[in-house]
Amino acid sequence: MGKLAITGGEPLRKTPFTNWPIAMKEEALALEDVLTSSKWGGQPFPGKHAAAFAKNFAEFHTAKYGQCVNTGTVAIQAALKAIGILPGDEVIVPAYTWEGTVGPVLLMNAIPIFVDVDPDTYCLDAKLIEKAITPKTKAILPVHLGMRFADMDEILRIAAKHKLKVIEDCAHAHGGMWKGHGAGSMGDLGAFSFQSSKLITSGEGGAVITNNLEYMELVQSYINAGRASLTDQYHHRIIGFNYRLGEFQAAVLGAQLVRLPEQAKIRERNMKHFEARLQGTAGIGLLKPDPRITRLAPYGYVIKYFSANAKEIPRAAFVAALQLEGIPCDGLFYEPVYKSSLFPVDSRDFPALSWGREKPLDLRSMFSCPESERAAYSEAVWFPHQHFLGTTEDVDAIANAIQKVLANIEELRGLDHKAIRNQKLGRADRES
Ligand SMILES: Cc1ncc(COP(=O)(O)O)c(C=O)c1O
C-alpha cells in the first residue's frame, strides 16, 4: 500500500467541487415565464427570451448583433455560410480543438486545413498560418482554447493581407476580452456554444455575434428555414434550416449571463492563487500569460505536465492518480482532430476532397502538428472551470494533490489501473 490514493492510500480530497451547471431561482422564474406563455419555440421569430438574450450577449462581447442558434456546431456552420464559404474552399483551423470546430467546414463541403498550435497558448499558431494559405483559402477559424486567446492581432493582420475572413470559435471564451474587445467581436463573426460544460449553458445551444448586418441577416435566414431576416436590408434569399433555439433554453441563458461577470471574477482570483501555488513546481508548467487578455474566460484551467521532470512517469498515470485523489481532471481531453476516432472522414460524404485529384485528400494522414500532438498525448492537463468557482481551500486541494502525486510519483511506475488505461484513450473511447 502506498501513499497515493491510486496505490491504496487516503485520497487527499473527499468532498466534491462546485457542481456545474448552477441553477438558481432566476432560472426557475425564467422557465416558469416560458412555460406559462405558451410560446415555447423559436417561432414567431425570434422568441422573447432569445431576442433579449442575443442582444445582451452581443453587447457583453462588444458586438452589434447577436443570434441564438441550437448548438455551437451550428453557430460555426451559420458563420461559414454568412461569409460565403463554398464547396472546395479551404478553411484554416487549429489541429488541437474539439471536432465541432472542424465538422461544420466539412459539412459545407469545404476543406479544413489543420495548422499547429502555439505551445505558449495551445491556440492556433499565427506564425504558421501564412505557410498554409493557398489560392483556395477563404477563411481562418481560430479557437480561443481553454484559457487563452489565439493571437488576434496577428490573425487579423494576416487575414487583411490575404483578403481572408475570420470566424472566432469562442466555445471556451464567454465573456473573454482581448485588449478590451469581446471574444467573437474582432473577426467577421464569433461562434459560441452553450453545451452543458460551457461557461454559460442551456444544456445545448449556441450563438453567433457580429458587427456586420449583412452577415447577421444571412445567419438569421440560414437558421430560420430560409425566411427573410428581421431587418432584410440585403434581401438575401437562401436555403435555410430550423436551427433555432427554443425559449426554455434562451430563458436559462438570460439568467446565467447576469451571473457571468461575478463568476469570471471568482475564477480569475482563484486561478491567480492556483498559479502562485504552482510556480516553480518541477514537472509542471503554466501557459504563458498574455497582457492583451483583459478579461480571462477560462473554460478550463490548463497546465503542462512534463514527464521528463517527473521521473518519466507518463501523463496518463499522473492524471489518473490526481483523479483518485479526488480531483476531477483530464489529460487526453482533445486530440489533434485529424487523429481522433471522432474524425472518420469518408471522402464519399465530402466530394470536394476528390475534386481535381486522382485520389481524394486524406485528411487523417496529410497533416503533422507536433505541438498539438504533444499537448494532446503527453503534456496538457485540463481542470474544469467550476473547480475555481469555490473557495481558496478548493484551489489549495488541487495544488496539494498535484504536489502529493509528484512527491510520490515513483509509486506510479509500471502501475496498471483502470483509470490509467482510460486516460490513454480519447474521451469517446473510454470505459465508463
Ligand atoms: C472548441 C469548440 N468548438 C465547437 C464546439 C461545438 O459546440 P456544440 O457542442 O455546442 O455543438 C465545442 C463544444 O462542444 C467546442 O468546445
Side-chain angles (χ1 to χ4, degrees), residues 20-21 50 53-54 57 66-81 91-108 112 114-115 117 121-124 139-150 152 155 166-176 183-184 187 189-209 219 222-223 241-246 249-250 252-253 256 297-302 330 332-338 340 342-343 372 375-376 380 382-386 426-428:
W20 191 262
F53 171 76
F57 190 73
Q67 176 60 50
C68 295
V69 298
N70 59 350
T71 67
T73 308
V74 159
I76 296 172
Q77 192 184 324
L80 290 166
K81 183 71 193 172
V91 178
I92 289 174
V93 294
Y96 187 53
T97 182
W98 173 238
E99 287 75 3
T101 307
V102 182
V105 177
L106 282 172
L107 204 65
M108 312 297 286
F114 292 103
V115 167
V117 295
T121 60
Y122 288 161
C123 296
L124 181 63
I140 310 173
L141 209 175
V143 182
H144 304 314
L145 192 88
M147 54 192 291
R148 291 287 178 259
F149 268 75
M152 285 308 289
I155 289 171
V166 176
I167 295 171
E168 297 171 67
D169 179 347
C170 306
H172 295 185
H174 309 68
L189 300 110
F192 291 81
S193 161
F194 305 125
Q195 172 271 341
S196 25
S197 66
K198 298 303 187 309
L199 290 169
I200 64 175
T201 176
S202 46
E204 306 291 351
V208 183
I209 63 172
V219 166
Y222 188 63
I223 65 110
F241 306 90
N242 177 4
Y243 291 146
R244 297 181 300 261
L245 190 74
Q249 287 157 307
V252 168
L253 289 172
Q256 297 201 10
Y299 169 61
Y301 197 99
V302 187
D330 203 350
L332 195 41
F333 185 66
Y334 288 144
E335 291 186 71
V337 173
Y338 58 81
S340 161
L342 296 180
F343 198 64
S372 298
W382 291 66
F383 298 92
H385 59 86
Q386 62 268 28
R427 281 191 292 162

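For ligands, and for the atoms within them, numbers begin at 1 and follow the listed sequence.
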Margin query: Polar contacts were defined as any N/O atom of the residue lying under 3.5 Å from an N/O atom of the ligand; does this apply to H172 and ligand 1?
Written below: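 Among all N and O atoms of H172, at least one is under 3.5 Å from an N or O of ligand 1.
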
Note to self: Evaluate G72 for polar contact with ligand 1, using N/O atom pairs at a separation under 3.5 Å.
What the structure shows: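 Min N/O separation from ligand 1 is below 3.5 Å for G72.
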
Item checked: Proximity of W20 and H385 rings by center, below 6.0 Å ->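 Judged by ring-centre distance (under 6.0 Å), W20 and H385 do meet the cut-off.
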
Just jot down the ligand 1 atoms closer than 4.0 angstrom to any heavy atom of [X], in number order.
X: Y334; answer: 16 (O)
X: V143; answer: 1 (C)
X: T97; answer: 1 (C)

What is the nearest protein non-hydrogen atom to [atom], stated with its residue, atom name and distance?
atom: atom 3 (N) of ligand 1; answer: D169 OD2, 2.7 Å
atom: atom 5 (C) of ligand 1; answer: W98 CD1, 3.6 Å
atom: atom 15 (C) of ligand 1; answer: A171 CB, 3.4 Å
atom: atom 11 (O) of ligand 1; answer: T73 OG1, 2.4 Å

Notebook entry, point to check: Looking only at non-hydrogen atoms, which of Q195, K198, E204 approaches atom 14 (O) of ligand 1 most closely?
Noted result: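 The nearest heavy atom belongs to K198.
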
Next item on the list: Name the option, out of S193, G203, C170, S196, that contains the heavy atom nearest to atom 10 (O) of ligand 1.
Entry: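 Nearest heavy atom to atom 10 (O) of ligand 1 lies in S193.
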
Note to self: Taking the side chain as everything from C-beta on, heavy atoms only, tell me whether L141 gets closer than 4.5 Å to I76.
What the structure shows: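 Sidechains of I76 and L141: in contact.
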
Return the [atom1] to [atom2] distance between [X] and [Y], rounded to the nearest 0.5 Å.
X: Q195; Y: E204; atom1: CD; atom2: CD; answer: 6.0 Å
X: N70; Y: Y243; atom1: CG; atom2: OH; answer: 8.0 Å
X: Q67; Y: I223; atom1: CD; atom2: CD1; answer: 4.0 Å

Checklist line | Ring geometry between Y299 and F333 (parallel below 30°, tilted from 30 to 60°, perpendicular above 60°) | finding: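 Aromatic pair F333/Y299 classed tilted.
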
Notebook entry, point to check: So, Q77 and Y222: side-chain donor and acceptor under 3.5 Å apart, yes or no?
Noted result: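 Side chains of Q77 and Y222: pair found under 3.5 Å.
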
Margin query: Please give me the minimum heavy-atom distance between F194 and T201, naming the atom from each residue.
Written below: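 So the two residues come closest at O-OG1, 2.7 Å.
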
Margin query: Can you tell me if F333 contacts ligand 1 (heavy atom of the residue under 4.0 Å from the ligand)?
Written below: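 Under 4.0 Å: no for F333.
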
